[in-house]
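Report on the structure given below.
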There are 2 protein chains.
Amino acid sequence: MAKHTELGMDKLVIRASRKTKQRDAVRAILEGAQRPLSVDELLKAASRRVKGLGVATVYRAVGALVAEGWIETVEIPGEPARYERADKGHHHHFQCEKCDRAFDVAGCLDNLRKLAPPRFRVKQHSVTLYGLCAACAS
Amino acid sequence: MAKHTELGMDKLVIRASRKTKQRDAVRAILEGAQRPLSVDELLKAASRRVKGLGVATVYRAVGALVAEGWIETVEIPGEPARYERADKGHHHHFQCEKCDRAFDVAGCLDNLRKLAPPRFRVKQHSVTLYGLCAACAS
DNA sequence: CTGTAAATGAGATTAGCTTATCATTATCAA
DNA sequence: TTGATAATGATAAGCTAATCTCATTTACAG
């Protein structure tokens, strides 16, 4: 599944991807994004750079970036998946009920795991705040 | 939309529902449930009481119970909706990655809203823990 | 008991998101 | 420059959850 690689000194390196303007565009959008973006948002934004960009291509690009660990999937109930750079550190999200955009929320109360019943093994958790973002609240 | 009513001394009372064994079964299952149940789980459980129970009927029963406020919807990313009695008070959920069942988690750290960026208006929040439930962890 | 209309159940249908197909285009090693 | 082949884009197809259709059954007021 199309995997970009930066190791360049070995013949064993698997080169399964090529550099294209559509992938670059998707990557660039995510690079500069301040919040998690859905495929549709990515498509809209990246289309401005690459005319005629298709949805399938965005899905493929996103799949590749997830596979290489450069971005992560953000799951919010009732919402399509969003994607954001994986190097942001542990944090959570805010979902605006009006404009439907997702935002990052810094920090986390990590004694959350203590809430779990005895004998339950907590591996991860997710916190989502809902309401109105700054723009929509005014 | 099929609304059961218990007020019986007024002619203005809207009677839009009849008492049936399938609705009773669904209600009874939810009554005794210790955790949020999906439509499939409800169908399976209630089918033992009412032979031949159909999915559509469960959806309709659940819809009515939500409408009358007796149960609430529990949304978990990537999971079908679960339902639980509405009188449980504020709490959150644990999703077992192995058996795929959802469980209740008592309590809540309600300073969560403080995590939101300035000017954001937080109306509600949801916390979901992931991992292995007691049964699956052993 | 009876008639009427709500409720049921089987299956078709919709809706939203994601993946697969395939002819065409474009990358890149040689 | 060129050839193989990965990537693209349009769209069909898939998936899952939930709703709708409609002939039949059933509740229940009178």
Side-chain angles (χ1 to χ4, degrees), chain A residues 1-6 8-27 36-44 46-47 49-68 71 73-83 100 102, chain B residues 1-6 8 10-11 13-27 36-44 46-47 49-68 71 73-83 100 102:
Chain A
M1 213 323 124
K3 192 120 165 238
H4 178 71
T5 172
E6 44 286 297
M9 70 306 204
D10 205 306
K11 58 285 175 77
L12 288 181
V13 169
I14 301 168
R15 314 200 75 282
S17 93
R18 292 174 177 176
K19 183 174 170 61
T20 68
K21 50 177 181 285
Q22 17 292 81
R23 289 189 178 181
D24 284 348
V26 170
R27 190 185 299 251
L37 300 176
S38 67
V39 166
D40 277 344
E41 289 174 317
L42 278 170
L43 177 63
K44 208 162 297 177
S47 287
R49 304 190 183 205
V50 182
K51 262 302 184 186
L53 180 64
V55 221
T57 299
V58 177
Y59 273 105
R60 284 185 285 239
V62 157
L65 292 174
V66 168
E68 76 181 54
I71 59 175
T73 304
V74 175
E75 304 264 27
I76 296 176
E79 292 291 316
R82 314 282 164 103
Y83 302 90
D100 212 56
Chain B
M1 217 318 121
K3 191 121 168 234
H4 178 71
T5 171
E6 44 286 296
D10 206 304
K11 58 285 172 76
V13 168
I14 302 167
R15 313 199 76 281
S17 93
R18 292 173 177 177
K19 182 174 170 59
T20 68
K21 51 175 181 286
Q22 16 294 78
R23 289 188 179 182
D24 283 348
V26 170
R27 189 186 300 252
L37 300 176
S38 67
V39 166
D40 277 344
E41 290 173 315
L42 278 169
L43 176 63
K44 207 163 296 176
S47 287
R49 304 189 183 205
V50 182
K51 263 301 184 186
L53 180 63
V55 222
T57 300
V58 177
Y59 273 105
R60 285 184 283 237
V62 157
L65 292 174
V66 168
E68 76 180 57
I71 59 175
T73 304
V74 175
E75 304 263 26
I76 296 176
E79 292 291 317
R82 314 283 164 102
Y83 303 90
D100 212 55

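All chains are named by letter (A, B, ...) in the order of the sequence lines, taking the proteins before the strands, and each is independently numbered beginning at 1.
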In this structure, how many angstroms lie between the [atom2] atom of [N] and the [atom1] atom of [X], rounded?
X	N	atom1	atom2	answer
B/Glu75	D/dA18	CD	C1'	12 Å
B/Ile76	D/dA17	CD1	C1'	15 Å
A/Arg23	C/dC28	CZ	P	10 Å
A/Lys51	C/dT25	NZ	C1'	19 Å
B/Glu79	D/dC15	CD	P	18 Å
A/Asp24	D/dA7	CG	P	13 Å
A/Lys21	D/dG9	NZ	C1'	12 Å
A/Tyr83	C/dC17	OH	P	11 Å

Between [X] and [Y], is any pair of side-chain heavy atoms under 4.5 Å apart?
X	Y	value
B/Asp100	B/Glu79	yes
A/Tyr83	A/Thr73	yes
B/Arg49	B/Asp24	no

**B/Ser17, nearest nucleotide to its side chain (from D/dA7, C/dA7, C/dT18)** = C/dA7
Can you find a side chain N or O atom of [X] that sits less than 4.0 Å from OP1 or OP2 on [N]?
X	N	value
A/Gln22	D/dA7	no
B/Tyr59	D/dA18	yes
A/Thr20	D/dT8	yes
B/Arg60	D/dT19	no

**Asked** Once you round to the nearest 0.5 Å, how far does CG of A/Leu42 lie from CG of A/Leu65?
**Response** 9.5 Å
**Asked** How many angstroms lie between atom CZ of B/Arg82 and atom CD of B/Glu41, to the nearest 0.5 angstrom?
**Response** 5.5 Å
Write down the atom of [X], the atom of [Y], and the distance for their closest heavy-atom approach.
X	Y	answer
A/Leu43	A/Val58	CD1-CG2, 3.8 Å
B/Val50	B/Lys21	CG2-O, 3.7 Å
A/Ala102	A/Ile76	CB-CD1, 4.0 Å

For nucleotides 2-4 of chain C, give me every protein contact, N/O to N/O, under 3.5 Å, one pair per line with atom names.
none

**Prompt:** Mapping B/Val39 and A/Thr57 to their closest nucleotides on DNA chain D, which lands nearer the 5' end?
**Reply:** A/Thr57
**Message:** With each end axis built from five pairs of C1' atoms, what bend angle do you get for the helix from C/dC1-D/dG30 to C/dA30-D/dT1? Round to 10°.
**Reply:** 30°
**Item:** Side-chain ion pair, B/Glu68 and B/Arg27, N-O less than 4.0 Å
**Value:** yes
